[in-house]
Amino acid sequence: MAQRGGTSIDSDTERYDFVVVSNRLPVDRVVRRDGTPDWQPSPGGLVTALEPVMRANDGGWVGWTGTADDDQGPFEADGLHLHPVPLSAGEVERYYEGFSNDTIWPLYHDVIAQPTYNRETWETYVEVNRRFAEASADVAAEGAMVWVQDYQLQLVPRMLRERRPDLVIGFFNHIPFPAYGLFSQLPWRRQIVEGLLGADLIGFQRRADAGNFLRAVRRLFHVPTPHGRVELPAAGEGKWPNSMSDEPRTVVAKHFPISIDAAAYVQLVETESVRARAAEIRRDLGDPTTIMLGVDRLDYTKGIRHRFAAYAELLDEGKLDVDDTVLVQIASPSRERVETYKALRDEIELTVGRVNGEFGTIKHSAISYLHHGYPREEMVALMLAADIMLVTALRDGMNLVAKEYVATRADDDGVLVLSEFAGAADELKQALLVNPHDIEGLKRAILAAVHMPRQERRTRMHALRRRVLTHDVEHWSRDFLSALAEVRPTASAQAAAETD
Ligand code: F6P
């Protein structure tokens, strides 16, 4: 039985028809300044996107609490049924910081940073994936639908199918899937693809990601993939990979662009306190003509450096002026023990110091830099206060911040500058699309945003909002789960697809 984390759950008896498996649970264990333990929402878009899905399905959630050597048992928090998978400090170092975030993350983001290929971290990745598969197999009811999330758990679908062939298994990759030319660097590329092929349906953010994966399947295993369907032969037919069952099996790979709970943002914007806070933020910043905003995890994929470079050049050339312009950069702490992230933080903070030193005045800073995460209310107030949102990722699975900005702008105002290398660019075509490597192009887009007439802002934002409000996270999960129920039409698969 569980203790400490809220109402306990009896893990020996509790079984669910719908199970989500992700590296992190929606809450992370933290220790307050006074030493008392507490829970806070975990970082990143994945958890934000899945929480409403989970509530609708009343399922079980398997994941890590974010703390090494945590012996927290299963518990209920805020109506969610949470089943922790414990990780030792060494496993966090090798599976999470090592293989997930120092190998797969840079490799899947087009090698913006050099991936490390290390046999020890790979072995721990296999071991931890096995543990997640076992934990999921333990809580899934007969014939349940299990939805595995993201690059940290790519081996789980196969491991789970081997233990529980009765389950309907979906997998969703929240980050890009690289072109074969890059993916083929990975010494364990066959094992990863075989791991994923344990699922019935594999979802990706962009059509191009699904295409890259299918190409990897063809190149590595020589199996046909007509119309995104991977036709696997029956086990024992001597081909590899086999279907992991006595029958031939079909795995579907397709794009399902993830989204946000748009209605929740709209509701927040209507709140008096949030509007008042937005006005207060503008005042506190000295009522500038233009507030630009960047909101990112402090990650080298986000193109924060490129954004700062373009902005600094515009200040230098006198095309922007600190007296009436400010760039607010929220950089939430992330993966702080991974070397590349430490180096990035140093670099970004050095740049902020330089830009402010060079262009700031006693009254105005050029960049208002905040290395914190904030509650959603504060983020919405910031987005409402910002005239321009800068999303300049060098590579990004989706980028939900772009969608959050759009959902927030119920006044049909504000300009979104959006990298074409973020998945969101496939849908948000009325944004000012940029190639962040092209600093001149980025500068032109920033100036176009600063000077864009009200009517054009309204037209663009109106179209963007139509897209985000109609294609929200509920739409995403409904699409995915009904596609999954179609690939494997069992009774519980149908039920989960309908609940949603
Ligand atoms: O999708 C990217 C992702 O790694 C998610 O899995 C996660 O929720 C988010 O980014 C935050 O990353 P981390 O869990 O490593 O802090």
Side-chain angles (χ1 to χ4, degrees), residues 20-30 39-54 61-68 70 82 84-85 87 91-110 112-113 115 121 125 128-129 132 147-154 156 171-178 203-206 209 256-260 295-302 330-342 344-345 371-373 376 391 393-404 422-424 473 476:
V20 160
V21 193
S22 60
N23 173 55
R24 275 184 199 271
L25 288 170
V27 284
D28 267 356
R29 178 185 293 291
V30 288
W39 298 93
Q40 73 178 20
S42 36
L46 180 153
V47 156
T48 328
L50 280 170
E51 205 180 304
V53 182
M54 205 51 182
W61 195 324
V62 174
W64 172 48
T65 62
T67 298
D70 189 351
L82 309 179
V85 176
L87 297 182
E91 285 168 344
V92 172
E93 198 181 327
R94 294 187 299 275
Y95 146 78
Y96 170 70
E97 292 161 358
F99 198 78
S100 297
N101 289 316
D102 209 22
T103 301
I104 296 290
W105 181 270
L107 178 65
Y108 283 28
H109 287 87
D110 286 359
I112 297 167
T121 62
Y125 183 82
V128 171
N129 270 244
F132 272 82
W147 195 1
V148 184
Q149 309 291 325
D150 229 355
Y151 63 100
Q152 303 94 340
L153 302 176
Q154 294 174 98
V156 170
F171 180 90
F172 189 78
N173 197 54
H174 291 253
I175 67 172
F177 195 90
F204 296 92
Q205 301 280 24
R206 305 180 95 160
D209 297 320
F256 297 87
I258 199 169
S259 194
I260 56 166
V295 175
D296 310 87
R297 272 188 312 101
L298 190 42
D299 194 297
Y300 51 83
T301 59
K302 304 292 183 183
I330 311 286
S332 52
S334 187
R335 304 173 191 165
E336 293 191 289
R337 285 160 33 127
V338 179
E339 278 311 318
T340 353
Y341 287 76
K342 283 187 200 162
L344 174 76
R345 181 171 179 192
H371 184 241
H372 306 289
R376 189 185 283 181
V391 176
L394 306 179
R395 178 57 79 195
D396 209 334
M398 175 53 61
N399 196 291
L400 293 179
V401 166
K403 293 189 172 180
E404 287 168 6
V473 72
W476 168 74

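All values below come from the heavy atoms of this structure, side chains included, with hydrogens, waters and symmetry mates left out. Counting starts at 1 for both ligands and their atoms, in listed order.
Side-chain contact check for Arg24 and Tyr96: at least one donor-acceptor pair (N or O, by modelled atom type) lies under 3.5 Å.
Scanning for side chain to side chain contact (heavy atoms under 4.5 Å, CB included) contacts around Asp102 gives Thr116, Val338, Thr340, with sequence neighbours left out. Residues that satisfy the side chain to side chain contact (heavy atoms under 4.5 Å, CB included) test with Leu298, not counting sequence neighbours, are Ile304, Ala331, Leu344, Arg345, Ile348, Tyr369, His371.
When heavy-atom distances to ligand 1 are checked against a 4.0 Å cut-off, Gln149 has no atom that comes that close, whether in backbone or side chain.
The distance criterion of under 3.5 Å between nitrogen or oxygen atoms is not met by Ser334 with respect to ligand 1. Taking distance alone, with nitrogen or oxygen atoms compared against 3.5 Å, Tyr151 approaches ligand 1 more closely than that limit. Residue contacts with ligand 1: Trp105 is placed with no nitrogen or oxygen under 3.5 Å of a nitrogen or oxygen of the ligand (distance criterion only).
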Trp476 vs Phe172, ring pair (Phe, Tyr, Trp, His ring centres under 6.0 Å): CA-CA, chis, key distance, verdict: CA-CA 11 Å; Trp476 168 74; Phe172 189 78; 5.1 Å; yes
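The shortest separation from a heavy atom of Gln152 to ligand 1 is under 4.0 Å, placing the residue in contact.
For atom 10 (O) of ligand 1, the nearest non-hydrogen atom from the set Arg24, Arg335, His174 comes from Arg335.
Using cut-offs of 30° and 60° for the angle between ring planes, the Tyr125 and Phe99 rings count as tilted.
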